[in-house]
Participant: 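If you scroll down you'll find the structure; I have some questions about it.
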Amino acid sequence: MTRVLCVAEKPSIAKAVAGHLSGGHYQTSNTRDAYIKNYTFDFDFGPPWGHCSVTMTAVKGHLTTVEFPGDYKQWEYPPPDRLFDAPIMTVVSSDSKSIAKNIEDQARHASALVIWTDCDREGEHIGSEIRDAARKGNARIQVKRARFSNVERAHILSAARRLTALDDRQVDAVSARIELDLRIGYAFTRFLTLNLRPLGGPLSNLTLSYGSCQFPTLGFVVDRYFRVKNFVPEPFWGIKVMHERDGIQVGFNWSRHRLFDRMSVVILYERCLAARTAKVTKVQEKPTKKWKPLPLTTVELQKMATRFLRMSGQQAMTVAEKLYNKGFISYPRTETDRFDKGMDLRALVRKQTQDNRWGSFAQALVDGAFQQPRQGRHDDKAHPPIHPITYAAPAALDDNEKRVYELVTRRFLACCSEDARGMATDVEILYGDETFTAHGVIVLERNYLDVYPYENWTGTAQLPRFTVGERFEPTEAMVTEGKTSPPGYLTEADLIALMDANGIGTDATMAEHIEKIQERQYVQTVVRRGGGNQGAAAADDDDGEADPPPAARGGRGRARGRGSRGGAARGGRGGGGGGVREFIPTSLGVALIEGFDRMHFETSLGKPFLRKEMELKMKAICEGRTTKQVVLHESLSEYRQVYEQSRAELNILKAACRQYVFQQQNGA
DNA sequence: GCAAGGTC
């Protein structure tokens, strides 16, 4: 009988796959790693192997790391730029030695290896690490790869019978990323630390790290900080028309919205008054919907947790992982916002009917209100959207777990119900030469909103009846006055959204990068008082719309408008109390980003473009348009130039540090 | 002492 070794990316997948392949009949043995078990059973893979004796085990993510040889471990010598072409070694990481040994031992008895890692790039690379470990035990072992995107029984069984090869292009793409991150991260970290420490003061014992993800993340925080700081409010004027009918006050908004010239507005306003009556030119009533949310991804989970649960993204992930390990929710690291057609979602809804908060809602879905969730455009081909797996009674969870579980479950139930429905009315009037509009909505069916308190349908006022062609004299018309307002500092939800949009980090690491730049003392958080607003501009004009900052973009250096809030209370990690945490850079963070921005680079290190470029190059390797060797060569010579120039213009960076960190007033 | 990516 052919002996086959199967290896998954994590213990939970090994267990699930072993369960499906064996039909639940497997033997379990412990390994020297507390979390990893070997499962043995028989399985028929179909031709050519047929009936096999199988051992299924797992790794815990990457088995190996890369490092420099011993003579590059000192910081003082050789100089940091030697790290661009120093040799590097791939070694089994210290906490994975026994796992690698287990695979090596098991491979000795097997003639084939089947890799069951996640179907994403990193998973492909982990597969290659498993392959290397197995070949140490058995150089001639045949290597196959199973491709699966969830752990449903039928899907796993069919994956086992359609084995493919490991995709070495994806392996190469990741190994290029690993090597570049190591060389560039180490080289620039040493460069910054060694060169800026001599400035003394707070710099003398800090580690000034550079990383392809942490620096752009810092860059976002600094960028927003300057947009707030340099914001110059601009006054504007508008016209508002009010009319009362059937006991309802209707506010009509000016179609020109607002103008930045007072005299023009006054003239237009006087023409309105001169006309005395307004004429109704359009009345439109039509059914409208508020769409239910998309299935939950990691990025969305983190954004929601920071907004509604007063947790940091990092905390939310820790809690979600606990819930996952207890089997209550699905894998919490996913980019996928569409459910696989084959999944039995109704069965998952049914498990929630026993709850006394959302049970009756779930029951109504089971009884016929169920709707297939919307399909988003993202699919990582590795994991389904985050959803509850089994019912968790409140008593089984601690406080934070309860809140995250509730969020995941309510989101899931909302996804499986109907969009909210309403009737929208639009009325347009002509008053003088000016057009005004009023908009009203009545909510007819709340549907998903009943189970989803995180959203509301606002502006839901009913309009009184108007008829096309009728004339009326408005109860009131006035000139309004306001000024543009600055954006708020970045909230964690904003920051996560920016990282996501720019491809900085992965769903699993974004929260870590945010932690890292705090640990490095590049940024700090302050608590904005006044509650759960979402970091959008708090508009002080009277029509409730946020204004983009007009003049300030890019115009750094002119310090006007709101000043730094550096003296405000330091944000506690635990959230607590009211208020949303906002990120502001420290003087050190500003100095580093400003320093690099003032150097004469095509693309500054503080901007997200370099990481984006790396992403594109990885994609090109995967698609066979270039190779790992070419990418490494190109990127390293590019970064070597950046390094050379940074060294040549070091005085600019130092000047920025003196200016911001030491508050001295001489620029570059 | 230094990166980013997996996972527990």
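Here is the naming used below: chain letters follow the sequence lines, and residue numbers restart at 1 for every chain. Please read these numbers as outputs of a predicted model, since none were measured by experiment.
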Participant: Could you check how far CD1 of A:Ile504 sits from C1' of B:dG5, rounded to whole Å?
Facilitator: 14 Å
Participant: How many Å lie between CG on A:Asp380 and C1' on B:dG5, as a whole number?
Facilitator: 15 Å
Participant: Classify the nucleic acid contact of A:Gly123 as base, sugar-phosphate or nothing, counting any heavy atom under 4.0 Å across all strands shown.
Facilitator: nothing
Participant: Base, sugar-phosphate alone, or nothing: which one does A:Phe188 contact when heavy atoms must sit under 4.0 Å apart?
Facilitator: nothing
Participant: Using the aromatic ring of A:Tyr210 (for Trp, its six-membered ring), decide whether it stacks on the base of B:dC2 within the limits of 5.5 Å and 30°.
Facilitator: no
Participant: Please classify the nucleic acid contact of A:Val174 as base, sugar-phosphate, or nothing, using heavy-atom distances under 4.0 Å.
Facilitator: nothing
Participant: Check every strand shown and say whether A:Thr117 touches a base, only sugar-phosphate, or nothing at a heavy-atom separation below 4.0 Å.
Facilitator: nothing
Participant: Can you measure A:Phe68 atom CZ to B:dC2 atom C1' for me and round it to whole angstrom units?
Facilitator: 10 Å
Participant: Choosing from B:dT7, B:dC2, B:dG6, which nucleotide comes nearest the side chain of A:Trp75?
Facilitator: B:dC2
Participant: Please give, in whole Å, the distance from B:dG6 P to A:Leu63 CG?
Facilitator: 15 Å
Participant: Does A:His513 make a side-chain N or O approach to OP1 or OP2 of B:dG5 shorter than 4.0 Å?
Facilitator: yes
Participant: With nearest nucleotides of DNA chain B determined for A:Leu83 and A:Gly503 from heavy-atom distances, which residue corresponds to the more 5′ nucleotide?
Facilitator: A:Leu83
Participant: If you check the A:Asn325 side chain, which of B:dA4, B:dG6, B:dC8 turns out closest?
Facilitator: B:dC8
Participant: Validate the cation-pi geometry between A:Lys10 and A:Tyr331: distance from NZ or CZ to the six-membered ring centre under 6.0 Å, angle to the ring axis within 45°.
Facilitator: yes
Participant: Looking at every strand, decide which applies to A:Glu76 at a 4.0 Å heavy-atom threshold: base, sugar-phosphate, or nothing.
Facilitator: base
Participant: Using only atom types and a distance under 3.5 Å, with no angle test, would you say the side chain of A:Asp398 pairs donor to acceptor with the backbone of A:Glu401?
Facilitator: yes
Participant: Which listed nucleotide (B:dG1, B:dG5, B:dT7) is nearest to the side chain of A:Arg611?
Facilitator: B:dG5
Participant: Ring centroids only, cut at 6.0 angstrom: are A:Phe84 and A:Tyr639 within range, meaning strictly under it?
Facilitator: no
Participant: Report the nucleotide, chosen from B:dG6, B:dA4, B:dT7, that has the shortest atom-to-atom distance to any side-chain atom of A:Thr506.
Facilitator: B:dG6
Participant: Does A:Arg403 use its side chain to pair, donor to acceptor, with the backbone of A:Leu309 at less than 3.5 Å?
Facilitator: yes
Participant: Given the rule in the side-chain contact (heavy atoms from CB on, under 4.5 Å) test, do A:Cys213 and A:Arg611 qualify, once you have shown the distances and angles that lead to the verdict?
Facilitator: CA-CA 7 Å; A:Cys213 289; A:Arg611 186 68 186 71; 3.7 Å; yes
Participant: In whole angstrom, what separates A:Ile514's CD1 from B:dG5's P?
Facilitator: 13 Å
Participant: Any side-chain N or O of A:Arg177 below 4.0 angstrom from OP1/OP2 of B:dA4?
Facilitator: no
Participant: To the nearest angstrom, how far is A:Ile178 atom CD1 from B:dA3 atom C1'?
Facilitator: 11 Å
Participant: Checking A:Asp379 side chain against A:Thr336 main chain: does a donor-acceptor pair fall under 3.5 Å?
Facilitator: no
Participant: Both A:Val66 and A:Ser93 contact DNA chain B. Which one's nearest nucleotide lies toward the 5' end?
Facilitator: A:Val66
Participant: Strictly distance-based, threshold 3.5 Å: is any side-chain N or O of A:His20 a donor or acceptor partner for the main-chain N or O of A:Val151?
Facilitator: yes
Participant: Round to the nearest Å and state the distance from A:Ile184 atom CD1 to B:dC2 atom C1'.
Facilitator: 14 Å
Participant: Whole Å only: how far is the CE atom of A:Met317 from the P atom of B:dC8?
Facilitator: 12 Å
Participant: Counting side-chain heavy atoms from C-beta on, which of B:dA4, B:dG6, B:dC8 comes nearest to A:Glu321?
Facilitator: B:dC8
Participant: Measuring from the side chain of A:Lys10 (C-beta onward, heavy atoms only), which nucleotide among B:dA3, B:dG6, B:dT7 has the closest atom?
Facilitator: B:dT7
Participant: Taking only side-chain N and O atoms of A:Arg520, does any of them lie within less than 4.0 angstrom of OP1 or OP2 on B:dC2?
Facilitator: yes
Participant: Where the side chain of A:Ser209 is defined as all heavy atoms beyond and including C-beta, which of B:dT7, B:dG1, B:dC2 is the nearest nucleotide?
Facilitator: B:dC2
Participant: How is A:Pro80 classified with respect to the nucleic acid when contacts are heavy atoms under 4.0 Å: base, sugar-phosphate, or nothing?
Facilitator: nothing
Participant: Name the nucleic acid region contacted by A:Tyr331, choosing base, sugar-phosphate or nothing; use a 4.0 angstrom heavy-atom cut-off, strictly under.
Facilitator: sugar-phosphate
